[in-house]
Every structure is written in structure tokens, then in C-alpha cells.
Amino acid sequence: VLLIACANVANLLLVQAAARRKEFTVRSALGASRWQLVRQLLTESWLLSMTGAVLGILLAPWVTAVLVRMAPQGLARTAEIGIDWRVLTFTFLVALITGLLFGLAPATQVSRSDLNRSLGENSRSSSAGPSGTRVRNVLVVSQLAIALVLLIGAGLLLRSFSRLKNVDPGFRTHHVLTFLLDVPSGRHPGAERAAFVRELLDSIRALPGVKSASAIFGLPLTDQRLNLALDVEGQPVPQSQRPRVGFRLIESDYFTTIGMRVLKGRAFTPQDEQGTIPVAIVNETLARRIFQGADPVGRRVKPNISFGDSDNPPMREIVGVVNDAKSGSISGDAVPEVYVPQTATDFVGETTVVVRSDNDPDTLLPSLRSLVASKDNELPLRDIKTMDEYRSESISAPRFETVLMGAFAGLAFLMTAIGLYGVISFSVLHRMREMGIRIALGAQRGTILAMVVGQGAWLALMGTAAGLAASLFATRLVRSLLYGVGVTDPITFIVVPLVLIAVALAAAYVPARRATLVDPAVVLREE
């Protein structure tokens, strides 16, 4: 974006330098050296860049505050983001360098020109020599190429984010409220902790507007999960080769509350929560990978986790298979998982209550606070969120990346269109005499229109070709940010260039239309 801005300003300064050719000729005649003329142009460009830097610094706190608010959770050190001496120093250095960049082209053009010959030349005819035209065209083509790279990158991220938003997490997130309870063993020792949670869930289910309620340790789309080694009865393997699986501790009605489906067997029952017969439920991925597609119901497995004083966890009979649910991230692949019921002995103390409501789940919050306080007024509700919020947070990083890339690409797109418009407008202004003669000799206005638009189309095609070639390499830099979209996605690589060419033609049409309205008599009289 900065390079495109530099190219735009360089084009404007090239036009200005061409228009001031007689001024430089007079200065040279009065004794000014070429270095003094170049120094004057560079000083003017540096003043422009420093003025832009000051304005940018004034806008930066507001823009920074907006970006920080949009930043995904987990982005490190967001509280430290702000304007300090390092930022100011960097901005100052960038302003100096960019001032040199966009001031170099007009300064070089002036230094190489035969200023004495231009004294008697017409200002328009002397303002667009072959070298000046080539430089301006190269700058426009470069702008178009860079803009296309940014637009294709933004298009890929946008398509990726669109697919990510539509990913099925394996459960229904709407109308589900969650909050974390850390039941203290001091006030609820031993088996009382599990009993307290179960009694609380029974009371929540009785609240108006509640469809179902349950609890889980290891809520999906959060960091609250365990990875354990799994022993499979009849498949003895060394400890280092045992499969690793996700582990979740749940209350009955969890699958109904969260909206998961039992595909084989059954869900947990209140009898399973008594802990008489150790049982487990596995997901599709575990059944497929470990049991090779065979029916796992009735088989026995042992997640290597110990509760209480037991150092030897029991084998658990698999009583059901449920569909896969996204674990830590919407974009992640399904992993093998084991669900076991919370019992008086199998309880970790920390659990997330999951409540499904008929309508907006936030309306239940006052009733839930009062209910928990009536059971234990020292027990806070932590991490109160809806499952929709968890889902939104899980894609906050790709959303942030898409917004950033889209904003830069949009700026590049706008500046490129303005730059092309400026170049074609200057070309039309320079060729007014030619246009007047053509029209006087009988040229149709449609021919004039096509000629000028053709100039813009040629630049657009050259810039698009260069941009497509660069994009084939540049898009590999965002490969790790994409989900379900390849770095050479054909839709993006077809649609974006067509849109860019269309806008380029529209930018060329306005000055082209103006060229067709030239009055030959007026133009020739002025010349």
C-alpha cells in the first residue's frame, strides 16, 4: 500500500515537474545548477512525506484503538500496543525514505532533460516526452500489479473465512449458555462435590425457559481439555505407542443439551453416574481409527487418568458412539475422543455448566446467579459465555487477518484506480491538440473514446499479467492462514483480475469521455 501511494505521488510530481519545465529552464538560465534543481524537488517531496507522516501519527491512535478492539483473544501483549518513541522514529525514517522514493523519478527526469530547449516549447507538448510517459506507465503498471497481489490475497482469505464460518462444529451453538464452576473441596468435600453439581443441574432444569442442562469438563472450542493415552482391551501395545485421545467428563443429558447425536448404542443414564459399572462413549473418529470401522459397542478401553486415591484406572465398557465435535478450534480436524460420566469418585472439581434455553440464553443469567447463590453464596460464576461467543472467538484470528488484508487491499484498489485515472487524464490533457486535429479531420468520437480507453486497457492488462505472475508466488505466504481453499483458487484468480480490469476501464472512461467533447476550433486557437 505504501509503494502504491508512493507511485501515485510520484506520478503527480512527474506531471508537476513537466508542467514546471519552463520554470526550471529560467532558474537554470539564472545560474541554478542541476543539483540545486534536483535538491529543490527532493525537498518538496520530503515536505509532502513529512506532512503525510504527521497526519498519519494524528490518525494512528484512533486506528490503533479500533484494531486492538478487533484483535483476537490470545494475541500477545495487546495492552502494550500504542504510539511510543520507537513508532515515531520508525515513522520518521519511513517518511524520509518514501520522500526519496517518490521524489526520485521527477528529480531524475528534470536532471536528464535539456532545459534550454524547453524555453520556447509549448507547455503541453513539452510535458510528455517518451521517457516521462514510460516512467508514468511503469508506475501505473506497478500499482496495478501490487494491488492485484493484495486483492487476490484478500480474496483467498475472504473465501477461506466464508468456509470457516459455515463449518459444522458437530453440535448446535444457538441458545446455549455456559459458565464455569470450580466447586471447592473445603466446603464440599469428597462425594459432595459431584452431588452438589447434580442437585444444581436439577434446579436449573426446573427454571422457566430452560430446555435442558448438563455439565462437562472439557468444553469444546476451549482450552479445557486433556490428552490421554488409551489402552484397548485385546490390543496390547507398548506404552509409548498407545494412541492419544481427548478426554471429556460429562453429566447425563450433555449430548441432548449440546446437540450431539448418538449414532450407535446409547447415551449415559443416571445409573451410569453411580459408578457401579465403568462405562465410556467414544466418537466416530476413535471408532474408525482404533477399531478399524468395526462396531466398538461392548469393547473395553482404559483412558489413563486417575481420580482420587486410585492409581489404577478401570477398564470401561463402550456403550455408545457419538458424532465428531470440533475440539479446540473450528478449523481443526476431528480427533479421537472418549467421554466418561461424572461420578462421586470421578470428579475433578472444575466443571462447565451448559444450559440450553428456548430463546435468548442471556435472559437466564439473573436466575442462574440467584440459584447458584442460594446453593452456595461464595461460589462465583466464571467465564459466562454463550456457545455462539465461543464459536465466534474460535474464528476471531482468521476474521482479524481477513479484515486487515481486506482493508489494505481496498486501499490499494482505490489508490490504483485514482492513479490510473490521473495518468489517463494527464495523457488526454497533453493530447488535446492531437484530439482536436483528429476530430477536425473527421474522426468519430467513438474512435477517440476507444483510443483513450484502449490506453487504459493496455496498462490494466499489463499490470494484471504482472500481478498474476507475482500472486502465484506471493499467495504461498498465506497458505497457513487458509481453510478449505487452495493458494491458486481458480475462482479468486479469475474474478479478482476481471474486477480490477473493469474498474481500470471505468477509471479510464471518464477522461476518455472528456476527450470526445473537445472542440477542435477552441483547442487549435489555444495552441
Next item on the list: Would you please test Leu177 and Leu368 for side-chain contact (heavy atoms from CB on, under 4.5 Å) and show each step?
Entry: CA-CA 10 Å; Leu177 182 69; Leu368 292 172; 3.5 Å; yes

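- Ring orientation note: the planes of Tyr339 and Phe255 are nearly perpendicular, at an angle over 60° on the 30°/60° scale.
- Side chains of Val297 and Val319 form no contact here, defined as non-hydrogen atoms less than 4.5 Å apart.
- For the residue pair Arg391 and Thr386, no side-chain donor N or O sits within less than 3.5 Å of a side-chain acceptor on the partner.
- Look at Arg205 and Asp253 and you find a salt bridge, because one of the NZ, NE, NH1 or NH2 atoms lies within 4.0 Å of a carboxylate O, short of that distance.
- The closest donor-acceptor contact from the side chain of Asn283 to the backbone of Val322 lies at 3.5 Å or more, if one exists at all.
- With Ser162 contributing its side chain and Leu158 its backbone, the two residues share no donor-acceptor pair below 3.5 Å.
- Ion pairing between Arg316 and Asp272 fails under the 4.0 Å rule for side-chain N and carboxylate O.
- Checked against Thr285 for a side-chain hydrogen bond (donor to acceptor under 3.5 Å, both in side chains), the options Asn323, Asp333, Asp324 give a single hit: Asp324.
- In this structure, the side chain of Arg399 does not engage the main chain of Ala71 through any donor-acceptor pair within 3.5 Å.
- Proximity of a side-chain donor or acceptor of Thr402 to a complementary backbone N or O of Phe161 within less than 3.5 Å is not detected.
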Apply side-chain hydrogen bond (donor to acceptor under 3.5 Å, both in side chains) to the pair Thr257 and Ser212, showing each step before the final yes or no. CA-CA 6 Å; Thr257 304; Ser212 60; 3.1 Å; yes

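- A donor-acceptor pair under 3.5 Å links the side-chain atoms of Thr178 to the main chain of Lys385, judged by distance alone.
- Listed for the Ser160 side chain is no donor-acceptor partner under 3.5 Å among the backbone atoms of Leu482.
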**Message:** One pair to check against side-chain hydrogen bond (donor to acceptor under 3.5 Å, both in side chains): Asp360 and His175. What are the steps and the verdict?
**Reply:** CA-CA 6 Å; Asp360 183 3; His175 303 306; over 6 Å; no

